[in-house]
Amino acid sequence: MSRASGSFIEPSAQAQDRTVAALQRFPLVAGLTREEIAEIAAQCSLHRIPAHKRVFEEGERSKGLWVITAGRVRLHHLMADGRQHVVGFRAPTAALDLSSALDGRPYTATATTMDDAELVLVPRGLLQELGKLYPVTVRNAIDLLCLEVRQRDITTAIAALKDARGRIGCALLQLARQFGRKQGGVLRIDYRLTRQDIADRSGVTVETAIRVMSDMQQRGVLRTESQVIEILEMEHVRDSASCEDCQFECSVFAPLLAEPPCEAEAI
DNA sequence: TCATTAACCGTCG
DNA sequence: CGACGGTTAATGA
């Protein structure tokens with residue numbers, strides 16, 4: 001897994017269009033006009049990074065904000081024993097490490113592409129300027145950070161839940177909330193995940209992830225088709241995750257659509 | 001490369 | 001002791 005050399009994409013009309021299109025769907029600049037976004041895009045750079053390469057590494061100084069325009073990225077910690085602790089999975093129009101980009105401190109995790117990917121880099125200077133120019137982006141940043149904090153809380157809770165079943169169940173619920181699409185009677189996690197991915201997310205070995213998930217499949221709780229997981233019996237997953245003890249609304253029961261913004265009235 | 005199974009083994013309640 | 005989960009190895013797709 002080598003380093004992501006600067007596969008910088010030369011500025012062009014198409015590159016510019018893709019950048020604008022991606023930024024328009026990025027919540028940080030929600031509320032800005034197309035012209036304003038285009039102006040921002042003109043100061044960003046577009047990068048193409050092959051599958052299984054690092055976008056950045058934990059501890060590196062943040063150069064700016066990475067926004068995914070294509071492909072998928074996993075955020076994770078590299079552990080001494082070679083295992084990986086996945087902090088989260090990201091899909092297009094999501095940012096990679098907003099907090100590092102905002103405060104300019106080192107990245108809190110390593111980002112690795114899962115597919116050939118394309119990302120926009122919003123330079124840090126520009127990011128700071130945005131806050132002054134467009135106050136709404138500050139509000140948006142707070143909302144996005146709220147979400148990240150919640151995610152982090154969930155991660156902590158997963159680690160605290162005692163057994164492997166609970167951690168895997170909780171990871172599945174979280175993924176279902178993030179990528180789940182109701183389809184017929186089942187909830188499909190629209191994100192290809194290997195058993196290793198699930199294991200790394202849950203803090204167990206692949207074999208354990210397989211052990212637990214095979215069991216779930218045999219009981220008709222889950223189904224997997226070419227690395228796409230479908231949850232058939234949400235109740236059972238919730239039970240295995242012992243959600244009663246968990247204060248998070250991994251409310252996969254509530255209609256999940258888009259992530260509801262953090263509705264803080266005033267801070 | 002990924003998924004699966006099984007035997008084995010140490011830890012812990 | 002027995003459940004749990006990591007380790008190792010083997011196998012198939």
Side-chain angles (χ1 to χ4, degrees), chain A residues 1-5 7 48-55 57 68 70-92 109-118 154-176 178-181 183 186-246 248 250:
Chain A
M1 210 176 291
S2 52
R3 181 159 283 268
S5 58
S7 5
R48 184 161 289 151
I49 298 175
H52 312 300
K53 298 270 191 272
R54 309 258 169 89
V55 181
E57 277 186 65
I68 306 177
R72 304 175 302 148
V73 177
R74 61 145 77 184
L75 288 167
H76 55 96
H77 298 294
L78 301 166
M79 300 192 293
D81 61 2
R83 286 167 63 183
Q84 299 190 357
H85 182 292
V86 170
V87 175
F89 298 99
R90 297 285 180 269
T110 298
T112 304
T113 53
M114 300 173 77
D115 316 304
D116 290 344
E118 190 182 79
I154 291 173
T155 303
T156 309
I158 290 173
L161 281 171
K162 53 181 188 339
D163 60 8
R165 288 202 111 66
R167 294 208 293 274
I168 291 169
C170 198
L172 288 172
L173 288 176
Q174 198 263 315
L175 286 164
Q178 188 179 4
F179 300 112
R181 294 193 52 171
Q183 182 185 312
V186 307
L187 190 57
R188 166 192 294 246
I189 297 175
D190 253 327
Y191 203 95
R192 282 177 36 242
L193 293 163
T194 64
R195 293 292 187 259
Q196 187 72 60
D197 289 327
I198 298 294
D200 291 346
R201 183 73 175 96
S202 310
V204 299
T205 60
V206 215
E207 290 81 1
T208 297
I210 288 169
R211 206 184 267 164
V212 170
M213 290 179 70
S214 292
D215 187 64
M216 286 174 153
Q217 299 205 70
Q218 270 163 32
R219 289 198 272 157
V221 176
L222 281 189
R223 192 196 310 159
T224 303
E225 206 182 317
S226 51
Q227 302 186 333
V228 173
I229 298 166
E230 290 178 344
I231 301 178
L232 309 174
E233 301 277 346
M234 192 58 67
E235 300 285 340
H236 283 249
V237 180
R238 200 191 36 172
D239 290 346
S240 72
S242 41
C243 286
E244 309 79 50
D245 313 328
C246 180
F248 302 109
C250 349

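Below, chains carry the letters A, B, ... as their sequence lines are ordered, and counting in each starts from 1.
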d(CG, A/D163; C1', B/dT11) in whole Å: 15 Å
Contacting residues from residues 213-226 of chain A, given that a heavy atom lies under 4.0 angstrom of DNA chain B: A/S214, A/Q217
Interatomic distance, A/I210 CD1 vs B/dT1 P [rounded to whole Å]: 16 Å
Check: A/G180 main-chain N/O paired with A/D190 side-chain donor or acceptor under 3.5 Å: no
The single option from A/I210, A/L193, A/V86 passing side chain to side chain contact (heavy atoms under 4.5 Å, CB included) against A/I198: A/L193
A/Q178 (side chain) donor-acceptor with A/F89 (main chain) under 3.5 angstrom: yes
Donor-acceptor contact below 3.5 Å, side chain A/T113 vs main chain A/H52: yes
Nearest listed nucleotide, side chain of A/R167, among C/dC4, C/dG6, B/dA3: C/dG6
Phosphate OP1/OP2 of B/dT1 contacted by A/Q196 side-chain N/O (<4.0 Å): no
Spacing of A/H236 atom NE2 and A/M216 atom CE [to the nearest 0.5 Å]: 10.0 Å
Integer-rounded Å distance: B/dT1 P and A/L193 CG: 18 Å
A/V204 side chain, from C-beta outward: closest of C/dG5, C/dG6, B/dA3: C/dG6
Sugar-phosphate, base or nothing in reach of A/E207, heavy atoms under 4.0 Å: base
Value in whole Å for how far the C1' atom of C/dG6 lies from CZ of A/R195: 19 Å
Length of the CZ-C1' vector between A/R83 and C/dT7, whole Å: 11 Å
Atom-pair distance (CE on A/M114; C1' on B/dC2), nearest Å: 13 Å
A/R211 side chain near B/dT4 phosphate (N/O to OP1/OP2, under 4.0 Å): no
N/O donor-acceptor pair under 3.5 Å between A/Y191 side chain and A/R90 backbone: yes
Separation of C/dT8 P from A/D81 CG (nearest whole Å): 12 Å
Presence of A/T205 side-chain N/O under 4.0 Å of C/dG6 phosphate oxygens OP1/OP2: yes
Nearest-angstrom distance from the residue atom CD of A/Q227 to P of B/dC2: 7 Å
Residues A/D197 and A/R201 bridged, charged N to O under 4.0 Å: no
